[in-house]
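Side chains are part of it too, since the values below use all heavy atoms of this structure and drop only hydrogens, waters and symmetry mates. Read the numbers this way: they start at 1 and go in the same order the structure lists the ligands and their atoms. No experiment lies behind these values; they were computed from the predicted model shown.
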Amino acid sequence: MTRTVYLNGDYLPEHEAKVSIFDRGFLMSDGIYEVTSVLDGKLIDFDGHAVRLQRSLDELDMAHPSSKDDLLEVHRELVRRNEITDGMIYLQITRGNPGDRDFAYPPADTPPTLVLFTQAKPGMADSPMAQTGMKVISIADQRWGRRDIKTVQLLYPSMGKMMAKAAGADDAWMVEDGHVTEGTSNNAYIVKGNTIITRHLGNEILHGITRAAVLRFAREAQMKVEERSFTIQEALEADEAFITSASTFVMPVVELDGTAIGTGTPGPVATRLREIYLEESRKAAV
Ligand code: PDD
């Protein structure tokens, strides 16, 4: 089946969807994005992603090309047309095509580019990695200073994934001023005793939608949460570690820089949080 994608108001076969070479997303990485997961054909935390999308647009003085309700309809229509049961919907908005290359923003009435496409991931919630846990390495965080805006400038995170791959690991945790910021495409956590520790919000990390939900569920389950930065040494001495993102939900981390964390197997806190997250998110899915 040919994938149907969405481009500026049209549903098209993927090979017919074309964007200009002058698009600022292509020339300047002048674009933002969201990734929303789909389970059982329904959207997980659509409202959270819509709120963060608006925030990214506002921070960059970019116009919203659509309303939240219309965007929800496009997400649902793509799920229907592509018969997605489990997977993701990628959404990108760029500052559009000014017809030439220029560092200055184009006039405000330049139409933005809006693209959405689906990625099918059958059995996504039953990933074998949730049973084995993942391995991470630490690398320097060399990204720009506004990581709270979900921009498409993803070259350094891509380099980080390649560094992890070359080291035989699954991902990299990035370190700045001696403290972990986040994973290349996820938020990072350690567990010490009964306490879940994850970096506080700020410009240094993306404000994960999964993070917000998981911390809420953890507090509701009477778990202790500390939002503060932590070091690699603290992580090495932790009882457990895990990551969260829309595409991995809650995923245990069992090894850091070649050293086992805790027992070297997925811990009870990460495992329980994954169960709660999946159960509650499925209930609230739209
Ligand atoms: N990445 N931190 C970074 C740097 C991310 O790229 C992501 C998400 C997260 C987690 O955010 P959320 O829980 O809202 O997915 C944290 C997405 C999944 C991606 O780029 O594919």
A.B. asks: Identify the protein heavy atom lying closest to atom 15 (O) of ligand 1, giving its residue, its atom name and the separation to 0.1 Å.
C.D. replies: Ala246 N, 2.8 Å

A.B. asks: Do other residues, nucleotides or ligands put more than 12 heavy atoms under 6.0 Å from the CG atom of Asn194?
C.D. replies: no

A.B. asks: Take every heavy atom of Thr248, measure it against each atom of ligand 1, and state whether any distance is under 4.0 Å.
C.D. replies: no

A.B. asks: Give me the nearest non-hydrogen protein atom to atom 18 (C) of ligand 1 as residue plus atom name, then the distance to 0.1 Å.
C.D. replies: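 For atom 18 (C) of ligand 1, the nearest protein heavy atom is Ser247 OG, 3.7 Å.
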
A.B. asks: Note the single closest protein heavy atom to atom 11 (O) of ligand 1, along with its residue, its atom name and the distance in Å.
C.D. replies: Gly208 CA, 3.5 Å

A.B. asks: Say whether His207, considering both its backbone and side-chain N or O atoms, lies within less than 3.5 Å of an N or O atom on ligand 1.
C.D. replies: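 In this structure, His207 places no N or O atom under 3.5 Å from an N or O of ligand 1.
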
A.B. asks: Ligand 1 and Leu206, any nitrogen or oxygen pair closer than 3.5 angstrom?
C.D. replies: no

A.B. asks: When you measure from atom 21 (O) of ligand 1 to every protein heavy atom, which one gives the shortest distance, and what is it?
C.D. replies: Val35 CG2, 3.7 Å

A.B. asks: For atom 13 (O) of ligand 1, what's the nearest protein heavy atom and its distance?
C.D. replies: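 Checked against all protein heavy atoms, atom 13 (O) of ligand 1 sits closest to Thr210 OG1, 2.6 Å.
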
A.B. asks: For residues Val286 and Val38: do they belong to one hydrophobic cluster (side chain heavy atoms under 4.5 Å, members Ile, Leu, Val, Met, Phe, Trp, Tyr)?
C.D. replies: yes

A.B. asks: Which residue owns the protein heavy atom closest to atom 10 (C) of ligand 1, what's the atom, and how far is it?
C.D. replies: Asn187 OD1, 3.7 Å

A.B. asks: Return yes or no for this condition: an N or O of Tyr33 is under 3.5 Å from an N or O of ligand 1.
C.D. replies: yes

A.B. asks: Give me the ring orientation class for Phe117 and Tyr90: parallel if the planes are under 30° apart, tilted from 30 to 60°, perpendicular past 60°.
C.D. replies: parallel

A.B. asks: Just need the protein heavy atom nearest to atom 17 (C) of ligand 1, so name the residue and atom and give the distance.
C.D. replies: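 Protein heavy atom with the smallest distance to atom 17 (C) of ligand 1: Lys150 NZ, 3.5 Å.
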
A.B. asks: With hydrophobic residues grouped by side-chain heavy-atom distances under 4.5 Å, do Leu256 and Ile139 end up in a single group?
C.D. replies: no

A.B. asks: Look only at interatomic distance and state if Arg211 has a nitrogen or oxygen under 3.5 Å from any nitrogen or oxygen of ligand 1.
C.D. replies: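 N/O-N/O distance under 3.5 Å: no.
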
A.B. asks: Should Glu182 be counted as touching ligand 1, given the test is an N or O pair under 3.5 Å?
C.D. replies: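 Such a contact does occur with ligand 1.
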
A.B. asks: Taking everything shown except Lys192 itself, do over 12 heavy atoms lie less than 6.0 Å from its NZ?
C.D. replies: yes

A.B. asks: With a 4.0 Å heavy-atom cut-off (strictly under), which part of Thr184 contacts ligand 1: side chain, backbone, both or neither?
C.D. replies: backbone

A.B. asks: Can you tell me which portion of Arg52 lies within the under-4.0 Å heavy-atom range of ligand 1? Options are side chain, backbone, both, or neither.
C.D. replies: side chain

A.B. asks: Mark the output for Arg143 as yes if a heavy-atom distance to ligand 1 is under 4.0 Å, and as no if none is.
C.D. replies: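 Yes, Arg143 has heavy atoms under 4.0 Å from ligand 1.
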
A.B. asks: Can you pull out the closest protein heavy atom to atom 6 (O) of ligand 1? Residue, atom name and distance to 0.1 Å, please.
C.D. replies: Ser185 CA, 3.4 Å

A.B. asks: Is there a continuous path of hydrophobic side-chain contacts, each under 4.5 Å between heavy atoms, that joins Val152 to Val115?
C.D. replies: yes

A.B. asks: Please list all pairs meeting salt bridge (charged side-chain N to carboxylate O under 4.0 Å, His left out) that have one or both residues in residues 101-118, counting only residues at least two apart or in different chains.
C.D. replies: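 Listed by first then second residue: nothing to list.
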
A.B. asks: Hey, are Lys161 and Thr184 close enough side-chain-wise for a donor-acceptor pair under 3.5 Å?
C.D. replies: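 Indeed, the side chains of Thr184 and Lys161 share at least one donor-acceptor pair under 3.5 Å.
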
A.B. asks: If only side-chain N and O atoms count, and only distance matters, is there a donor-acceptor pair under 3.5 Å linking Asp58 with Gln54?
C.D. replies: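 Short answer, yes.
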
A.B. asks: Can you say whether the rings of Phe249 and Tyr277 are parallel (under 30°), tilted (30 to 60°) or perpendicular (over 60°)?
C.D. replies: tilted

A.B. asks: Could you tell me which residues satisfy side chain to side chain contact (heavy atoms under 4.5 Å, CB included) with Thr195, sequence neighbours excluded, listed by chain and number?
C.D. replies: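 Residues passing side chain to side chain contact (heavy atoms under 4.5 Å, CB included) with Thr195: Ile197, Lys224, Glu226.
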
